[in-house]
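To start, the structure itself, in structure tokens.
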Amino acid sequence: MKLKHVLIVLMSVVILVGLSGCGGNASSTNSGAGTASSAAPANGGEDVAKFKGETINVLSWEGYQEDEWVKPFEQKYGVTVKVTYAGSVDEMFAKAASGSVKYDLIFMDGGSVNRYYKMNLIQPIDLAKLPNTNQLIANMKSLNDKHVVKDGKTYAVPFAWGSLPMMVNTDKIKEPIDSWNALWDPKYSGKIVTLDDAANQTAMTAMLLGFKDPYNLTDEQLDQVKSKLLEQKPLVRTYYAGFEDGKNLMASDEGWIGFSMGPTMITDLQKEGKNVVEVIPKEGALVWIDNAVIGKDAKDPELVHVYIDYLISSEVQAQLIKKTSYGGVNADSANKLTDEEKKVSHMDDPNYFNNLVYVAFPESFEKRVKLWNEVKAAQ
Amino acid sequence: MYGKNLMLIMISVWVLLFIVLPVSAMLLFSFWSIDNFQVIHSFSIQNYSKIFQDPIYLSLLWKTIKLALIVAALSVLISYPLALFVNHRRGTLKTILFLGVLAPLWVGYLVRIYSWRSILGESGFINSLLVLTGILKQPSSSLLFNSSAVVITMLCISIPFTFIPIYSAIEKIPGNLLQAAADLGAGGSRAFWTVVFPLSMPGVVTGFMFAFITSFGDYMTPSLVGGTSGIMYGNMIQTQFGNSYNWPLGAALSMIMLLFILAVIAAARKIGNVQAIFEE
């Protein structure tokens, strides 16, 4: 009996030590292999083998990590790209902040970078390791840099973007529309649909009111935005609750004119046979730019750099544009698109950005949500 | 005996994991606050005082309660005759009718909301019918995106939940009681009001409570078919956990909602013998 107990204890010790030993061994062999192969130069100066067996944990939006471009990368470097998707900005933040998984690479709109930076969740990116940044659309990049460069260090690299334009059904509305004021025009009463979203509603209305920085409003300006939105309320058919909801309303003619969630919404409606066009009003429109950001505790930042550079290459960007109709960030990717694809994604017009206002980090989310809730609750 | 203990342990674990822990976490959160997107872990009642001082929260709470009461009352009014009717059928017809009332439950919640939107919409079923029959010259836009559209859609969701307890309460009434009533000279309506109705009360109260709770917490229906004023108390909670990143305030709002629901359940237990519905 006693012997048996001793044996059990011994065996458990052996198993435990063995397991931890294995873990230690595995990682040391890995790094050993890494140094060994980096000592031996690979073909073309690029050391394809040195990342073999590694994993990149990516926290991404749907559509950004498709097999068409992820698989070739995995095969080339012998690595695994492990993707977790988030359904909303909040979910993404919650996942990144919880720390249960250390994400090497996170995708977020440039306006959110500030928040992750403040909470010390991300690390700077070395642009010298990203040769493809030379091909980024220049005015887009400079717009983006204002929000993602902190203390002279770049924290994020653009990957995809989309504007939030106005959508107009030209079968129903013949006259030319060029201002957000159309969404306040009693002529279209009961035919206006607009987005149920505190942040975008506040910013768009602030632009219409001519406030210089729609993401940095004083309390008095916020009050003016609120009155303006209350003025619009009786004319609005409904505030739509999301991408599909908005499309559904325009497709069933409940709405003739509206605040759109992006050009993709409009091209989708066109595919359904609707004569809905995109309008960038003279006051300007909002644009979100989604960025690739490296997590604070990334296991191998060098590999993440290689992957980001690959993602912004003209090849991958052209695939992304074809697949999603989002705007791409690589100017050269336009050469790989058909005229139609270029037009739909606005890759044919480098001046498209000139009238777009960056979806940035607002003075206070809470104030804006409260404002919007008050507008909706008003009788 | 051993099996019974095991069951008891399993149920306790379930209650602990899925009820006690989340609710306690929520309660704890509701006394914290937020500063620069970081939760401040110190006790304060500021969330509650904010809720009770700002008219928007209480007025929405009141609006939501009123709406849920209307839906629950209508739900009972519709389900009761329906339950009586189905109860009086026999055989296959009874099964078909019973399943027919429950059928909406098999369809996804969002799908049901969207179906009502296409039924009530300008190019929808009802408008087409009204125009076709000449009642309306042109489709009306007044059917959708208002509070009656919300009530109709919520009814579609709540009726099965009201129907089941009322149906089972009526079904449990022993036939010989009605026989006795008839023998003592009670007519159909007298027998109903003196025998059937009082005995079905637990079902009515339970059904009312179910309908109230489902509509009270529903925020998707008002936002999808309620139009520009389609905001309810639930939407306020949602935006605190979402857009405004204020989990502590969202938790406090949820606690108030929970307290309210518990009060309704307590009242229901007091008024009608709710347990009787679940006992054989």
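Note that the structure is predicted; figures quoted are calculated from it, not measured. Naming convention: chains lettered A, B, ... in sequence-line order (proteins, then strands); numbering from 1 in each chain.
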Heavy-atom nearest pair, A241(A) first then L224(B), reads CB-CD2, 3.9 Å

Heavy atoms of other groups near W247(B) CH2, more than 12 under 6.0 Å: no

Exercise for review: Taking atom OH of Y219(B) as the centre, report whether more than 12 heavy atoms of other residues, nucleotides or ligands fall under 6.0 Å from it.
Suggested key: no

Contacts of E272(A) meeting salt bridge (Lys or Arg N to Asp or Glu O under 4.0 Å) (sequence neighbours excluded), chain-then-number -> none

Heaviest contributor of heavy-atom pairs below 4.5 Å to chain B, chosen from E366(A), K118(A), E91(A), R115(A), is R115(A)

When the 4.5 angstrom heavy-atom criterion is applied to A378(A) and chain B, the contacting part is backbone

When rounded to the nearest 0.5 Å, the distance separating CH2 of W372(A) from CD1 of I231(B) is 9.5 Å

(Q) I'd like to know if the side chain of R237(A) reaches the main chain of S141(B), judged simply by a donor and an acceptor atom lying under 3.5 Å from each other, with no hydrogens or angles considered. (A) yes

Exercise for review: Evaluate side-chain hydrogen bond (donor to acceptor under 3.5 Å, both in side chains) for N373(A) paired with T239(B), printing each intermediate quantity in order.
Suggested key: CA-CA 9 Å; N373(A) 280 340; T239(B) 51; 3.3 Å; yes

Determine whether L249(A) and F145(B) make a side-chain contact, defined as any pair of heavy atoms from C-beta on separated by less than 4.5 Å. yes

Ordered numerically, the heavy-atom neighbours of chain A under 4.5 Å found in residues 112-125 of chain B are Y114(B), R117(B), G121(B), E122(B), S123(B)

If you tally heavy-atom pairs under 4.5 Å between each of K370(A), R368(A), K367(A) and chain B, the highest tally belongs to K370(A)

Note: T238(A) and G227(B) closest approach over all heavy atoms is OG1-CA, 3.4 Å

Y85(A) meets the ring-ring contact (aromatic ring centres under 6.0 Å, His included) criterion, sequence neighbours left out, with none

Side chain to side chain donor-acceptor pair (under 3.5 Å) pairs touching residues 143-152 of chain B, sequence neighbours excluded, are N146(B)-S148(B)

Before giving the answer on side-chain contact (heavy atoms from CB on, under 4.5 Å), spell out for K376(A) and T228(B) the whole-Å C-alpha distance, their side-chain angles and the decisive distance to 0.1 Å.
CA-CA 6 Å; K376(A) 286 203 294 173; T228(B) 51; over 6 Å; no

Ranking D54(B), L249(B), N235(B), V225(B) by heavy-atom pairs under 4.5 Å to chain A gives rank one to D54(B)

For L77(B), does the CG atom have more than 12 heavy-atom neighbours from other residues, nucleotides or ligands under 6.0 Å away? yes

